[in-house]
Amino acid sequence: MRHHPLASLLIFAVLPAAAAPTLNDTGQTTCFDGSSMVGCSETSTGDSSSYPRQDGRFGRDALAGAAKLTKKGAGDVGFDYTKIANDGSALPDTATHGTAAKDWACTKDNTTGLVWEVKTTDGGLRDQGWYYSWYSTDSNSNGGNPGYPGHDFNCGYTLSQCNTSAYVAAVNTKSLCGSNKWRVPSVSELQGIVHFGKMVPSIEPSFFEPSAFSNSSWSWTASNYAPDAGFAWVVYFTDGGVYYGNKGYDGITVRVVSSSQ
């Protein structure tokens, strides 16, 4: 049998590198001179000689402070958010929270493209006062430890088992904000909405909570704690820190996210 002269050649194609994800800035706009806080912006030089390249002098936050950042929506410093209605339509910044089709129920992060659930205070499925254990039977993502199915009372009897997987499934049946692809966020995704320029809460309440934030300060992520899969990462929105929590602990809330809407 004769072979084509090119049959034994290996053809290599140079593929474009995957685009790096667009990330939020930190919200930090304060600089320090070693003993006290000083003002800073992308062009400030007062802190540069001894304490150069401080976070507050660079990035989206500094651009916003210098009135050089264009936003699709609104938000403090470099954050750019748009309120989303129950039916998935975009809303003005003045929209109020509610259960009607055109009421605010979610928030789109225009920087990352992610759409976030906004908690309620109505005692229903998505009430900010409910708590969940971490649970997933997906062996590809649970690190070999599925966690704990939970009880029914920690989430106000809105579910037969108050755990993260059950909550995600329940929200998806509602097609919240026009999406049925809600999931538990990764630790990097959830930490991306932390506002390190604020404390208690370290987030923008005007785009995420209709009322007090204390009950939903601790929030589960889908990310396992690598040294011990009996734990998963948790973001603490009182100070913006990231900690690991026992998957069986059922005193932590969950804020779901959707990559499409």
Side-chain angles (χ1 to χ4, degrees), residues 12-24 84 88 105-109 111-119 125-126 128 130-152 154-155 158-194 203 208 216-237 240-261:
F12 292 93
V14 178
L15 300 177
T22 303
L23 303 176
N24 276 313
I84 304 296
C106 303
T107 291
K108 181 176 181 179
D109 186 333
T111 304
T112 65
L114 296 173
V115 180
W116 293 91
E117 168 199 14
V118 174
K119 291 296 184 180
L125 174 67
R126 296 172 31 242
Q128 67 175 12
W130 304 150
Y131 301 114
Y132 308 86
S133 57
W134 195 103
Y135 186 66
S136 173
T137 58
D138 185 354
S139 59
N140 293 317
S141 60
N142 65 17
N145 189 318
Y148 179 64
H151 304 289
D152 57 1
N154 287 339
C155 56
T158 57
L159 299 170
S160 60
Q161 292 177 312
C162 301
N163 64 65
T164 53
S165 289
Y167 182 69
V168 167
V171 173
N172 278 323
T173 64
K174 305 293 184 181
S175 294
L176 174 65
C177 296
S179 175
N180 59 2
K181 296 182 179 180
W182 295 98
R183 56 183 174 80
V184 180
S186 69
V187 63
S188 58
E189 288 172 334
L190 189 58
Q191 194 179 29
I193 59 174
V194 169
I203 197 171
F208 283 95
S216 50
S217 290
W218 294 97
S219 192
W220 284 117
T221 78
S223 303
N224 294 278
Y225 176 61
D228 186 340
F231 295 80
W233 289 106
V234 179
V235 176
Y236 186 40
F237 281 97
V242 178
Y243 306 86
Y244 55 92
N246 191 303
K247 292 179 177 180
Y249 180 59
D250 50 9
I252 297 175
T253 193
V254 59
R255 184 190 302 278
V256 292
V257 67
S258 176
S259 301
S260 62
Q261 178 242 350

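As the structure is a prediction and not an experimental result, all values here were calculated from the model.
Looking at Ser223, its side chain does come within 3.5 Å of a backbone N or O of Val187 through a donor-acceptor pair. Using modelled atom types, one side-chain atom of Lys119 and one backbone atom of Val254 make a donor-acceptor pair closer than 3.5 Å. Thr221 contributes a side-chain N or O that, together with a main-chain N or O of Trp233, makes up a donor-acceptor pair within less than 3.5 Å. Using modelled atom types, one side-chain atom of Asn142 and one backbone atom of Ser136 make a donor-acceptor pair closer than 3.5 Å. The backbone N or O of Leu176 lies less than 3.5 Å from a partner atom in the side chain of Trp182, making a donor-acceptor pair. Between the side chain of Arg183 and the main chain of Val168, no donor-acceptor pair closer than 3.5 Å is present. In this structure, the side chain of Asn24 does not engage the main chain of Ile193 through any donor-acceptor pair within 3.5 Å. Side chain of Asp250 to backbone of Tyr132: no donor-acceptor contact under 3.5 angstrom is found.
Other residues, nucleotides and ligands contribute only 12 or fewer heavy atoms inside 6.0 Å of the OH atom of Tyr249.
Note: Leu190 CG to Trp116 CH2 = 5.0 Å, rounded to the nearest 0.5 Å. Put simply, CG on Asn154 and CD1 on Ile252 are 11.5 Å apart, with the number rounded to the nearest 0.5 Å. Distance OG/Ser258 to CG/Leu114: 8.5 Å, rounded to 0.5 Å. In this structure, Thr107 OG1 and Phe208 CZ are separated by 5.0 Å, a value rounded to the nearest 0.5 Å. Distance CZ/Arg255 to CD/Glu189: 13.5 Å, rounded to 0.5 Å.
Here the shortest heavy-atom pairing between Phe237 and Ser219 reads CE1-CB, 4.2 Å. Closest of all the heavy-atom pairs between Val118 and Arg126 is O-NH2, 2.5 Å. Residues Trp134 and Asn224 share a closest heavy-atom pair of CH2-OD1, 3.9 Å. The heavy-atom pair separating Ser133 from Lys247 by the smallest distance is CB-O, 3.6 Å. The minimum heavy-atom distance linking Val234 with Gly245 is given by the pair CG2-N, 3.9 Å. Heavy-atom minimum distance, Gly248 versus Tyr148: CA-CB, 3.7 Å.
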*Could you walk me through whether Val256 and Thr164 pass the side-chain contact (heavy atoms from CB on, under 4.5 Å) test, one step at a time?*
CA-CA 9 Å; Val256 292; Thr164 53; over 6 Å; no
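In this structure, the ring pair (Phe, Tyr, Trp, His ring centres under 6.0 Å) partners of Phe231, at least two apart in sequence or on a different chain, are Tyr244.
The six-membered or imidazole ring of Trp218 lies away from that of Tyr131, with a centre-to-centre distance of 6.0 Å or more.
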